[in-house]
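Everything numeric in this text was worked out from a predicted model, so none of it was measured. Both counts, for ligands and for their atoms, begin at 1 and track the order of listing.
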Amino acid sequence: MSVEEQLNQSVVYTPLQRMRHSAAHVMAEAVQDLFPGAQFAIGPAIEDGFYYDMALPRALTPEDLPAIEERMRASVAADHPFTQSRWPRERALDYFRAHDQPYKIEIIENLPDAEVGIYQQGPFLDLCRGPHVERTGQIGPFKLLRVAGAYWRGDEKRPMLQRIYGTAWPSQEELEAYLERLEEARRRDHRKLGRDLELFAISDEVGAGLPLWLPKGATVRRLLEEYILDLERQQGYQHVYTPNLAKLDLYKTSGHWEHYHDTMYPPMEMESGEQLILRPMNCPHHIQIYKLKMRSYRDLPIRIAELGTMYRLERSGELAGLSRVRAMTLNDAHIFCTPEQMLGEFKKVVRFIERVYQDMGFEHYSYRLSLRDPNDKDKFVDNDAMWLRSEAALRQTLNELGVEYFEALGEAAFYGPKLDVQVANVLGKDESISTVQLDFTLPERFNLEYIGEDGQPHRPAMIHRGIISTLERFMAFLIENYAGNFPVWLAPVQAVIIPISDEKHADYAERVRERLREAGLRAEVDMRKERMNAKVRDAQLQKVPYMLVVGDKEAANDAVAVRLRSNENLGAVPLDDFIAIANALVAERSKVLWPERTA
Ligand code: TSB
Ligand code: ZN
């Protein structure tokens, strides 16, 4: 959305948004007072709050926020009226030039109108269409939340501004409830947990959006990979390996270069004159595998799958931990089938998705039918008949499957419509995990064929699908969904063995670890010179499912004293029983840490 569109949007503010927008002005008033020379860009209401983007004489820190809040409270207490006026643009330009406000000047210069809206409260005057509350005293309880960098107009080539986020609510209770939700979200945030639990890291020296999987995160990833590859094998997928690079021409033929150009890394020029590209998608490679031999209708469907690594030049402002990255590995597959088989294959994929979500224990997700935007000629292939036919086929199939879905214009792939599974991250942002995509475009562009029952060549259809998405985004979602408390089968470390005395019980602790490892469980011994209670607490903070305390009694009886991550104390359990129980929970992919006990 452009700045001008945002300014227009303010016209449809709800009463709550209007109050938050007024709070943004009051915040700007406070900043103007505390930071002479501040230059203001835009300050809209957003979901749950407001922000203002500003250029300031120095970088703000969180410690600056209380003073700004206090100055805001003074404005609210003064109960200034918001007064509206309309100025001829020349007068407004003169005013903002005199006050050294280049961003306001740029906005006015882009507005077609002869007059512009001006709002003033107390000493602060702003270019604004409103609407606002009548008086600053009507602004509800508020809090400033954080400072972030934001490019002017979201453009990396324009100046980086400072953005202060705030929230405001009609009542103190609502404010407090919201702050509590935020705190909970912060606790679940995969970027924080990824650091605390040593799952992954992002290094400035490696580059933005290029995550490093640490041993524990890599363990979870490998478990996910094994899980999904097994299921795919059971469902008739054939796995391949293909390179992350290809000739640019391959992506010209596919249409990626034409329609997906903005998200692709620039081509690398070889000495031979050949141009190579880091692939943004795996489809063209799998298509080449399909094309290696003549296929008969009897061979179809052919399901070619790969944990395919690919690269996308996502905008730096969009990058977020593991959930939006530039280097990623997709649980990808391309299903080549006859047009008659297509909807049946589509349904199988939807059932596959539901199976996986059940195994993972996901409860909150929704289906999005992603359609093209008929007015966006650049982003989608131009073939009205194809779009109408395949969008209708998808709707019909979804109705037959009886799944609820919502429709979204402009979210299709460039080659065809898709069904996406949407989940909310802790920041409330909607993201696609699984995707199933119908495609009549690439088979055409690559001239794919199979020999039909009639002995004649026919054009196959294609389905692109990702069940667990990219391992990166899936991991981000898993961490947030479980708040870092991985179920036993996925926990990177399943048990920490804690000897009561380092000297006396170290041997037995080692033996317990060996037994667990032989039984396929992931266990570590905590041999640090720390008190036992501190070790228990640290293991709980690391969200390890089981703490196994071992002392004289346990060593004598071949037992372990089991403490759960939830802090429940189960007392001594024979080691063999512990192993059998833990392994049964792993096999069931159970969500509980210990079976229900009967009294
Ligand atoms: C399914 N060609 C198809 C494939 O065959 C494809 O690439 N589709 S996609 O573009 O929709 O990407 C598949 C999935 O990758 C998305 O649904 C999303 O879950 C995930 N994904 C896309 N971009 C990113 C990114 N920048 N970081 C992490 N995951 C991403
Ligand atoms: Zn694909």
Handout entry: Arg20 charged N/C atom sitting above Phe50 aromatic ring, 6.0 Å / 45°
Key =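 Because its charged atom misses either the 6.0 Å distance or the 45° angle limit, Arg20 does not stack over Phe50.
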Practice task
Using the six-membered ring of Tyr450, assess whether NZ or CZ of Arg295 lies under 6.0 Å from its centre and within 45 degrees of the ring axis.
Solution key: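 Relative to the ring axis of Tyr450, which defines the angle, Arg295 lies outside at least one limit.
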Practice task
Give a yes or no on whether His286 keeps an N, O or S atom under 2.8 Å from the Zn ion (ligand 2).
Solution key: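 So His286 does not bind the Zn ion (ligand 2) by this criterion.
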What atoms of ligand 1 come closer than 4.0 angstrom to any heavy atom of [X]?
| X | value |
| --- | --- |
| Arg324 | 26 (N), 27 (N) |
| Arg312 | 6 (C), 7 (O), 9 (S), 10 (O), 12 (O), 22 (C), 23 (N) |
| Gln437 | 3 (C), 8 (N), 9 (S), 11 (O) |
| Glu314 | 23 (N), 25 (C), 26 (N) |
| Thr435 | 1 (C), 13 (C), 17 (O) |
| Met281 | 2 (N), 6 (C), 7 (O), 10 (O) |
| Asp332 | 1 (C), 4 (C), 5 (O) |
| Lys418 | 11 (O) |

Problem - For the Zn ion (ligand 2): the N/O/S atom of His464 at shortest distance - result: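 Looking only at N, O and S atoms of His464, the one nearest the Zn ion (ligand 2) is named ND1.
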Problem - Which N, O or S atom of His334 lies nearest to the Zn ion (ligand 2), by name - result: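 When I compare the N, O and S atoms of His334, NE2 is nearest to the Zn ion (ligand 2).
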Handout entry: Asp189/Arg191 ion pair, N-O < 4.0 Å
Key =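 Salt bridge: yes.
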Just to confirm my output: which protein heavy-atom neighbour is closest to [atom], and how far is it?
| atom | result |
| --- | --- |
| atom 18 (C) of ligand 1 | Arg473 NH1, 3.5 Å |
| atom 14 (C) of ligand 1 | Leu330 CD1, 3.8 Å |
| atom 24 (C) of ligand 1 | Met328 SD, 3.4 Å |

Please work out whether any backbone atom (N, CA, C, O) or any side-chain heavy atom from C-beta onward of [X] is under 4.0 Å from ligand 1, and answer side chain, backbone, both or neither.
| X | value |
| --- | --- |
| Ser323 | backbone |
| Glu472 | neither |
| Arg326 | neither |
| Asn282 | neither |
| Phe414 | neither |

Exercise for the section: Determine, using heavy atoms of Phe477 and all atoms of ligand 1, whether some pair is separated by less than 4.0 Å. Expected result: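 Contact absent.
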Practice task
Compute the shortest N/O to N/O distance between Ile433 and ligand 1 and return yes if it is under 3.5 Å, no if not.
Solution key: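 Yes; the residue has a nitrogen or oxygen that sits under 3.5 Å from a nitrogen or oxygen of the ligand.
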Is a side-chain donor-acceptor pair under 3.5 Å present for [Y] with [X]?
| X | Y | value |
| --- | --- | --- |
| Thr242 | Arg279 | yes |
| Glu106 | Trp152 | yes |
| Tyr165 | Arg163 | yes |
| Glu354 | Gln358 | no |
| Tyr103 | Asp53 | no |
| His239 | Glu306 | no |

Exercise for the section: Give the single entry among Asp439, Thr470, Leu471 that approaches atom 29 (N) of ligand 1 most closely by any heavy atom. Expected result: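 That would be Thr470.
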Practice task
Between Val325, Val421, Asp420, flag the one that comes closest to atom 27 (N) of ligand 1 by a heavy atom.
Solution key: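 It is Val325 whose heavy atom sits nearest to atom 27 (N) of ligand 1.
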Handout entry: Closest contact, heavy atoms only, Gln275 versus Pro267
Key =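 Looks like NE2-CB, 4.2 Å.
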Practice task
To the nearest 0.5 Å, tell me how far Met386 CE sits from Leu438 CG.
Solution key: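 Rounded to the nearest 0.5 Å, the CE-CG separation comes to 9.5 Å.
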Practice task
Could you give me the CA-CA distance, side-chain angles and deciding distance for Ser323 and Glu431, then say whether side-chain hydrogen bond (donor to acceptor under 3.5 Å, both in side chains) is met?
Solution key: CA-CA 9 Å; Ser323 74; Glu431 276 173 342; 3.1 Å; yes
Problem - Aromatic ring pairing Tyr357/Tyr365, orientation class (parallel under 30°, perpendicular over 60°, tilted between) - result: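 Perpendicular.
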Exercise for the section: Just say parallel, tilted or perpendicular for the rings of His256 and Phe414, cut-offs at 30° and 60°. Expected result: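 Taking Phe414 first and then His256, their aromatic rings stand perpendicular (interplane angle over 60°).
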